[in-house]
Amino acid sequence: MLSVAFYSRPTLQILEDLIGKVLIRKSGDGLTSGIIVEAEAYRGQDDPASFASRGRTKRSEMLYGPPARAFVYLTYGMHHLFNVVTEQEGFPAAVLIRALEPLEGMALMQQRRKTDDVLNLCSGPAKLCQALDIDLALNGVSVSSPRSPLILIERTNEDEKRKDLAWRPRVGIREGRDRLWRVYLKGSPFVSVK
DNA sequence: TAAGGGATATGCT
DNA sequence: GCATATCCCTTAT
């Protein structure tokens, strides 16, 4: 499992390192997991895309907290977004997980997403929250505790065997209009933005 | 391409 | 208080 130290480093470094890691969600109705193929960084009050750019408010408070905690919020009134808090307590920063390659619990994901299309299960920040049943109830939970319902780990050999990936993790960097720090796994069909 | 929907922050009164 | 604009999206068209 990725340690607190992993999340205490500079956010852009963490951002890149998270590509290829596995996000695991344990819930009452089963286990679901996926390989991170796209993510995006928000760091500091000077980042105009970050909640923190508009000061320390109730909504941005989690960003200022200690690293290795989940920051979940609702956007557009209906979609949950999942971030991992990074850097030292007091410095507002996080990485938004934007897309996963589904790994385990495929049937459960299909049921929650109401589709059988594997490419449509986790190819977006709100889609993956729906597929993994991530909502506000998980806001603030640790992602580096063995007992947590939400953890991140290195890919294991078992995963490699199961997936037999054709591509190797190579990170691409996308510079959007105002989102400068988005990375994705090159060649993956599971990224959210084509 | 647009509509759907709720929480948040801001700017009034 | 209340009104309004905005928000890191998805689905259906």
Side-chain angles (χ1 to χ4, degrees), chain A residues 7 10-19 21 23 25 32 34-65 67-87 91-102 106 108-141 143 150 152 171-185 188-194:
Chain A
Y7 302 103
T11 302
L12 296 183
Q13 215 170 315
I14 299 165
L15 174 68
E16 236 180 271
D17 291 346
L18 278 177
I19 301 297
K21 298 292 191 288
L23 175 63
R25 163 72 167 130
T32 43
I35 301 169
I36 296 172
V37 296
E38 187 180 334
E40 191 166 305
Y42 297 90
R43 74 274 175 269
Q45 295 187 327
D46 298 335
D47 183 345
S50 174
F51 285 160
S53 68
R54 290 181 293 278
R56 189 164 181 165
T57 64
K58 193 178 281 185
R59 189 171 211 195
S60 66
E61 183 58 29
M62 190 66 65
L63 288 169
Y64 290 83
R69 296 220 292 222
F71 172 37
V72 182
Y73 63 87
L74 195 63
T75 191
Y76 292 99
M78 56 189 97
H79 303 302
H80 295 283
L81 286 288
F82 167 61
N83 305 252
V84 185
V85 179
T86 59
E87 307 218 23
F91 183 81
V95 173
L96 170 71
I97 306 302
R98 292 193 51 90
L100 304 175
E101 171 176 342
M106 202 83 78
L108 194 46
M109 292 189 199
Q110 289 168 331
Q111 187 184 320
R112 288 168 178 161
R113 291 274 303 131
K114 304 187 197 320
T115 177
D116 289 340
D117 180 2
V118 175
L119 285 178
N120 198 20
L121 292 180
C122 301
S123 53
K127 293 179 184 179
L128 71 89
C129 283
Q130 191 180 15
L132 269 62
D133 191 29
I134 296 173
D135 60 20
L136 293 178
L138 293 179
N139 189 32
V141 301
V143 294
L150 202 54
L152 286 104
V171 175
I173 296 176
R174 204 187 315 268
E175 298 196 12
R177 296 183 306 253
D178 48 355
R179 312 267 170 274
L180 296 179
W181 308 108
R182 182 181 294 184
V183 300
Y184 60 99
L185 184 59
S188 170
F190 298 95
V191 299
S192 72
V193 181
K194 306 298 177 201

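In what follows, chains are A, B, ... by sequence order, proteins preceding strands, each numbered from 1. The structure presented is a predicted model; accordingly, all values stated were derived computationally and were not measured.
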- Task: Measure the shortest side-chain to side-chain distance between A/L63 and A/S50 over non-hydrogen atoms and say whether it is less than 4.5 angstrom.
- Result: yes

- Task: Taking the side chain as every heavy atom from C-beta outward, state whether A/P102 and A/V118 have any atom pair closer than 4.5 Å.
- Result: yes

- Starting at the 5' end of DNA chain B, which residue's closest nucleotide do you reach first, A/L136 or A/H79? A/H79

Please give, in whole Å, the distance from [N] [atom2] to [X] [atom1]?
| X | N | atom1 | atom2 | value |
| --- | --- | --- | --- | --- |
| A/K58 | B/dG6 | NZ | C1' | 15 Å |
| A/D135 | B/dG5 | CG | P | 20 Å |
| A/M78 | C/dA12 | CE | P | 13 Å |
| A/N83 | C/dC7 | CG | P | 17 Å |
| A/M62 | B/dT8 | CE | C1' | 16 Å |
| A/E38 | C/dC9 | CD | C1' | 13 Å |

May I ask you to verify if any side-chain N or O of [X] is less than 4.0 angstrom from the OP1 or OP2 atom of [N]?
| X | N | value |
| --- | --- | --- |
| A/T75 | C/dC9 | no |
| A/R98 | C/dC9 | yes |
| A/R54 | C/dA5 | no |

- Go ahead and name the base partner of B/dG5; Watson-Crick or wobble counts if both distances stay under 3.5 Å, otherwise write none. none

- Query: Are a donor atom and an acceptor atom from the side chains of A/Q45 and A/Y64 found within less than 3.5 Å of each other?
  - Reply: yes

- Task: Examine the side chains of A/T11 and A/T86 and answer whether a donor and an acceptor come within less than 3.5 Å of each other.
- Result: yes

- Message: If you only use heavy atoms from C-beta on, which nucleotide in B/dA9, B/dG5, C/dT11 is closest to the side chain of A/Y76?
- Response: B/dG5

- Selection from B/dA9, B/dA7, C/dC9 that lies nearest to any side-chain heavy atom of A/L74: B/dA7

